[in-house]
Colleague: 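Can you read through this structure? Questions will come right after.
In what follows, every chain begins at residue 1, and chains take the letters A, B, ... in the order their sequences are listed. A quick note: this is a predicted structure, and the numbers were derived from the prediction, not measured.
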Amino acid sequence: MDTKTNSPSNFIRNIIDEDLASGKHKAIVTRFPPEPNGYLHIGHAKSICLNFGIARDYGGTCHLRFDDTNPEKEEIEYIESIQEDVRWLGFDWGEHLYFASDYFEQLYNLAVELIKQGKAYVCELSADQIRQYRGTLTEPGKDSPYRNRSVEENLDLFERMRRGEFEEGSHVLRAKIDMSAANIVMRDPTLYRIRKVSHHRTGDAWCIYPMYDFTHCLSDAIESITHSICTLEFENNRALYEWILEQVYPQPHPRQIEFARLNLSYTMMSKRKLLELVNEGIVKGWDDPRMPTLSGLRRRGYTPAAIRDFADRIGVSKANSMVDYSFLEHCLREDLNQSSPRTMAVLRPLKVVIENYPEGQVEQLEAVNNPQDPKAGTRLIPFAREIYIEQEDFMMDPPKKFFRLAPGREVRLRFAYFITCTDVIYDAEGNIVEIRATYDPETKGGSAPDGRKVKSTLHWVAAEQSLQAEIRLYDHLFTTEDPSEGDLEDILNPNSLEVLEGARVELNLQDVQPGDRFQFERIGYFCVDPDSSPTHLVFNRTVSLRDTWSKLQQK
RNA sequence: UGGGGGAUCGUCUAAUGGCAGGACGGAUGACUCUGACUCAUCUAGUCUAGGUUCGAAUCCUAGUCCCCCAGCCA
């Protein structure tokens, strides 16, 4: 995979360094524990890079474990997409693919053990009643009337729960801890609930399912995880994590460490709301190129290397933060600039007729494929009397600092000739429909023997000797920096997708395959969409080039 | 109002009692057959108030602000 093997340090790595130095651990084992209830997104990528990156750099292992304890929300489709996405990101769990559901029998036995110790009981309060008994943030809860059942009765009831003798919601298994604990998580938390639904892996073998708090710590312990890295909202749960392990699992125990999840400006990270975007048809699917999902970013043209680099560079801390989306784009461009072959494409064509160029003549001109990479070589592109340039590269009355084509002005056509605008042709409505120009045959290849300079170089394609293409331009899905606040309808960007049907691209792009990436010179990075075919090319704009001219214009 | 966390340039993040540093962004300039890339220079920060100390982002005290927790979700 990847040759980069050392990520910047952070507070978690410091802890690991200390644990190694003190001899607490000889080897490091981490895990990435997704629930298969949705697609992975860029926020998960941070966690994946953290966990797998630590395993890589410390010569340890990182497990991929599906936290599949809630059959109502989980699906096989998600299990498959998650594995594909982790692999695509560049990580390999080797033999270490696990499912919490594989531990159900073991977990059940540990629950029985807890009951035998008198530290868990079967409670027949309804969900509502349990909530009432729990108390509030400032008031202690009160004991369930079922709290002091005998061990024998609890054992019997729990077994009957498993056998399916009780209805959903009628009984739960609860830990017996402290209903007046200041930490609400510790007020006799539910450990098992009855759900008479089949599980995507265990089928109908179970009708009771363990809760996250009971499952996660024990799964970590079963797998000999040394450092169990999770997000900040689980800080309160750490007390329970440790409590459960102390009661029923021999040392050594994994240590839970919490870090701040990724927030990205203009980006929705809530799985629930992402699902809503998909279900409501607001986007075309989990892999819509506007989605922050790994499958969406992949389709958009993002590279795994760029995402890994981003994850490394944003760092890891415990402070809530909001990373600028432009930083992700910076990492992306940095990677794409090195690796993307250049080509020319005209998004919004404006015809230029070169009046002194022989009619019917077509020349093949040599163009550099990637100035960042000499090994990428060169290609031939056809030049003819009629070409297209970008509409925005011509102005009738150019303001100061506009260096591109204008009446009477000379510019360079990239890898071709200098041309001078001699005339402008309008349609009946007064729109510019064609430019007339002359070229200087002496400037073939793009430089003038007399040493004269031009201020600007334009990209172009030959009118006939080019291909039509559909180009999809994307913008943020949301208009607000923090889309976790506000109603979806209010903050959706109506212009997040713009489709250009009449773009023209180089002839060389005839046989491109979905996923192929290019830099369209002077415009941006694009990749071939899966919808593309040889008769109907479709490109996604991955990210534009930095554009200091448009910035200047806005002033 | 209970408990658990957190506050360092506009943003992200280092500094573990000893020169507040890096990256992104922004500004200026150089270079340029991509107004890209690259390079150079600049910009800008320790939440507040006290205290300890030769010396405090770091330790102490008192505040302020922000986040999380009252699922039979994870």
Colleague: Go through the side-chain N and O atoms of A:E390 and A:H459 and say whether any donor and acceptor fall under 3.5 Å apart.
Modeller: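 Looking only at side-chain atoms, A:H459 and A:E390 do form a donor-acceptor pair, the distance falling under 3.5 Å.
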
Colleague: Any donor-acceptor pair under 3.5 Å joining the side chain of A:N10 to the base of B:U13?
Modeller: no

Colleague: When you compare B:C66 with B:U8, how far apart are their C1' atoms, in angstrom units rounded to a whole number?
Modeller: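 It works out to 16 Å between them.
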
Colleague: Establish, yes or no, whether the cationic atom of A:R201 lies under 6.0 Å from the six-membered ring centre of A:F99 and within 45° of the ring axis.
Modeller: yes

Colleague: Using the ring of A:F526 (Phe, Tyr or Trp, six-membered ring only), decide whether A:R517 places NZ or CZ under 6.0 Å from its centre and within 45 degrees of its axis.
Modeller: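 No, cation not above the ring by the 6.0 Å, 45° rule.
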
Colleague: Side chains of A:E159 and A:Y108: donor-acceptor distance under 3.5 Å anywhere?
Modeller: no

Colleague: Verify the stacking flag for A:W549 against B:G35: centroid separation must be under 5.5 angstrom and the ring planes must differ by under 30 degrees.
Modeller: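 So A:W549 counts as stacking on the base.
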
Colleague: Does OP1 or OP2 of B:A7 have a side-chain N or O of A:K318 closer than 4.0 Å?
Modeller: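 No, because none of the side-chain N or O atoms of A:K318 sits under 4.0 Å from OP1 or OP2 of B:A7.
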
Colleague: OP1, OP2 of B:A36 versus side-chain N and O of A:R333: anything below 4.0 Å?
Modeller: no

Colleague: Kindly label the base of B:G50 as syn or anti, based on whether its glycosidic torsion lies within 90° of 0.
Modeller: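 Anti.
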
Colleague: With respect to the phosphate group of B:A74, does any side-chain polar atom (N or O) of A:R193 fall under 4.0 Å of OP1 or OP2?
Modeller: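 So the side-chain polar atoms of A:R193 do come within 4.0 Å of the phosphate oxygens OP1 or OP2 of B:A74, strictly under.
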
Colleague: How far, in whole Å, is B:G35 from B:G45 if one measures between their C1' atoms?
Modeller: 33 Å

Colleague: Which whole number of Å gives the distance between the C1' atom of B:C59 and that of B:U16?
Modeller: 12 Å

Colleague: With RNA chain B as reference, determine whether A:G446 or A:S170 sits nearer its 5' end, using the nearest nucleotide of each.
Modeller: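 Closer to the 5' end of RNA chain B: A:G446.
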
Colleague: Under 4.0 Å between any heavy atoms, over every strand shown, what does A:I130 touch: base, sugar-phosphate, or nothing? Just pick one.
Modeller: base

Colleague: Any ion pair linking A:E235 and A:K318 (charged N to carboxylate O, less than 4.0 Å)?
Modeller: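 A salt bridge links A:K318 with A:E235.
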
Colleague: Just the rounded figure in Å: distance from P of B:C12 to NZ of A:K46.
Modeller: 11 Å

Colleague: Just to be sure I understand the rule, does A:M344 reach a base, reach only the sugar-phosphate, or reach nothing, if contact means heavy atoms closer than 4.0 Å?
Modeller: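 No contact.
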
Colleague: When all nucleic acid strands are considered with a 4.0 Å heavy-atom cut-off, which category describes A:E168: base, sugar-phosphate, or nothing?
Modeller: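 Nothing, no nucleic acid heavy atom in range.
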
Colleague: Please measure how far the C1' atom in B:G22 lies from the corresponding atom in B:A15, and state the result in whole Å.
Modeller: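 Pairwise C1' distance, B:G22 against B:A15, rounds to 11 Å.
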
Colleague: Please classify the nucleic acid contact of A:F327 as base, sugar-phosphate, or nothing, using heavy-atom distances under 4.0 Å.
Modeller: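 Contact class for A:F327: sugar-phosphate only.
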
Colleague: Would you write out the dot-bracket form of RNA chain B, 5' to 3', with Watson-Crick and G-U pairs under 3.5 Å, [ ] for crossing pairs, | for pairs to other strands and . for unpaired bases?
Modeller: .((((((..((((....[..))))((((((.......))))))...(((((..]....))))))))))).....

Colleague: Has A:S326 got a side-chain N or O lying under 4.0 Å from the OP1 or OP2 atom of B:C24?
Modeller: no

Colleague: Report yes or no: does A:K46 contribute a side-chain atom to a donor-acceptor pair with the main-chain N or O of A:F310 at less than 3.5 Å?
Modeller: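 Answer holds: no.
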
Colleague: So what does A:L240 hit on the nucleic acid, given a heavy-atom distance under 4.0 Å: a base, only sugar-phosphate, or nothing?
Modeller: nothing

Colleague: Determine: side-chain N/O of A:S317 to OP1/OP2 of B:G6, distance under 4.0 Å, yes or no.
Modeller: no

Colleague: For A:Q372 and B:U32, what is the distance between atoms CD and P respectively, to the nearest whole Å?
Modeller: 16 Å

Colleague: Please classify the nucleic acid contact of A:T69 as base, sugar-phosphate, or nothing, using heavy-atom distances under 4.0 Å.
Modeller: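 The answer is sugar-phosphate, as A:T69 gets under 4.0 Å only of primed atoms, P, OP1 or OP2.
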
Colleague: Would you measure the distance from the C1' atom in B:U32 across to the matching atom in B:C42 and give it in whole Å?
Modeller: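 My reading of the C1' atoms in B:U32 and B:C42 gives 23 Å.
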
Colleague: Considering only heavy atoms and no angle criterion, is a donor-acceptor pair shorter than 3.5 Å present between the side chain of A:R404 and the base of B:G35?
Modeller: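 Check passes, donor-acceptor contact within cut-off.
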
Colleague: Mind checking if A:A127 touches a base, just sugar-phosphate, or nothing, with heavy atoms under 4.0 Å?
Modeller: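 It contacts base atoms.
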
Colleague: Rounded off to whole Å, could you give me the CG-to-C1' distance for the A:D547 and B:G35 pair?
Modeller: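 Distance check: A:D547 CG to B:G35 C1' gives 7 Å.
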
Colleague: Send over the distance from A:K455 NZ to B:C31 P, rounded to a whole Å.
Modeller: 11 Å

Colleague: Please classify the nucleic acid contact of A:E35 as base, sugar-phosphate, or nothing, using heavy-atom distances under 4.0 Å.
Modeller: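 Counting heavy atoms under 4.0 Å across all strands, the contact made by A:E35 is with sugar-phosphate only.
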
Colleague: Write down the distance separating the P atoms in B:C47 and B:U58, rounded off to the nearest Å.
Modeller: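 Per the computed distance, 8 Å lies between those P atoms.
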
Colleague: Would you indicate, yes or no, if B:G3 has its OP1 or OP2 atom less than 4.0 angstrom from a side-chain nitrogen or oxygen of A:T138?
Modeller: no

Colleague: Taking only N and O in the side chain of A:R546, is any of them less than 4.0 Å away from OP1 or OP2 of B:G35?
Modeller: no

Colleague: Just checking A:F402: base, sugar-phosphate only, or nothing, at a heavy-atom cut-off of under 4.0 Å?
Modeller: base

Colleague: Which is more 5' along RNA chain B, the nucleotide nearest A:E18 or the one nearest A:D67? Just name the residue.
Modeller: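 On the 5' side of the pair lies A:E18.
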
Colleague: Check this for me, if you would: do A:E242 and A:R255 make a salt bridge, where the nitrogen-to-carboxylate-oxygen distance has to be below 4.0 angstrom?
Modeller: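 Answer for the salt bridge query: no.
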
Colleague: Just checking A:D213: base, sugar-phosphate only, or nothing, at a heavy-atom cut-off of under 4.0 Å?
Modeller: nothing

Colleague: What's the gap between B:G6 and B:A14 when it is taken at their P atoms, as a whole Å value?
Modeller: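 One P to the other, the span is 13 Å.
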
Colleague: A:D188 CG to B:A70 C1': how many Å, rounded?
Modeller: 14 Å

Colleague: Counting side-chain heavy atoms from CB outward, which of B:G35, B:G4, B:G6 is closest to A:E235?
Modeller: B:G4

Colleague: Does A:E35 pair with A:K73 as a salt bridge, N-O distance under 4.0 Å?
Modeller: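 Salt bridge between A:E35 and A:K73, a charged N being under 4.0 Å from a carboxylate O: no.
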
Colleague: Just how far, in rounded Å, is P of B:U13 from CD1 of A:I12?
Modeller: 12 Å

Colleague: Expressed in whole Å, how much space separates the P atoms belonging to B:G10 and B:U48?
Modeller: 13 Å

Colleague: Of the candidate nucleotides B:C67, B:G26, B:C69, which contains the atom at the shortest distance from the side chain of A:K551?
Modeller: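 Nucleotide nearest to A:K551's side chain: B:G26.
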
Colleague: To the nearest Å, give me how far apart CG (A:L458) and C1' (B:A36) are.
Modeller: 14 Å

Colleague: Looking only at side-chain atoms of A:I184, point me to the closest of B:A36, B:A74, B:A70.
Modeller: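 Of all the options, the side chain of A:I184 is nearest to B:A70.
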
Colleague: Can A:Q553 and A:S550 be counted as having a side-chain donor-acceptor contact under 3.5 angstrom?
Modeller: no

Colleague: Does A:D324 contact B:G25 through a side-chain donor or acceptor facing the base, at a distance under 3.5 Å?
Modeller: no

Colleague: Under 4.0 Å: is that the gap between some side-chain N or O of A:R342 and OP1 or OP2 of B:A36?
Modeller: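 Answer is no, no contact under 4.0 Å.
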
Colleague: OP1 or OP2 of B:C24 sitting under 4.0 Å from any side-chain N/O of A:H330?
Modeller: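 Yes.
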
Colleague: May I ask you to say what A:R414 touches in the nucleic acid, namely base, sugar-phosphate or nothing, with a heavy-atom cut-off under 4.0 Å?
Modeller: base

Colleague: Whole angstrom is fine here: how far is it from CZ in A:R187 over to P in B:G71?
Modeller: 11 Å

Colleague: Check every strand shown and say whether A:P140 touches a base, only sugar-phosphate, or nothing at a heavy-atom separation below 4.0 Å.
Modeller: nothing

Colleague: OP1 or OP2 of B:C37 less than 4.0 angstrom from a side-chain nitrogen or oxygen of A:R522, does that happen here?
Modeller: no

Colleague: Given A:N369, which of A:R379, A:Q519, A:K375 fulfils the side chain to side chain donor-acceptor pair (under 3.5 Å) condition?
Modeller: A:R379

Colleague: Within the 4.0 Å heavy-atom criterion, would you say A:R412 contacts the bases, only the backbone, or no part of the nucleic acid?
Modeller: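 Touches a base.
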
Colleague: Would you classify A:N236 as touching base, sugar-phosphate or nothing, given that sugar-phosphate means primed atoms plus P, OP1 and OP2, and contacts are heavy atoms under 4.0 Å?
Modeller: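 Base: the residue A:N236, judged by heavy atoms under 4.0 Å, touches a nucleobase.
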
Colleague: May I have the step-by-step check of side chain to side chain contact (heavy atoms under 4.5 Å, CB included) for A:T457 and A:V411, ending in yes or no?
Modeller: CA-CA 6 Å; A:T457 300; A:V411 299; over 6 Å; no

Colleague: Determine yes or no for a side-chain-to-main-chain donor-acceptor pair under 3.5 angstrom, with A:E168 supplying the side chain and A:K196 the backbone.
Modeller: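 Flag set: sc A:E168 to bb A:K196 pair under 3.5 Å.
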
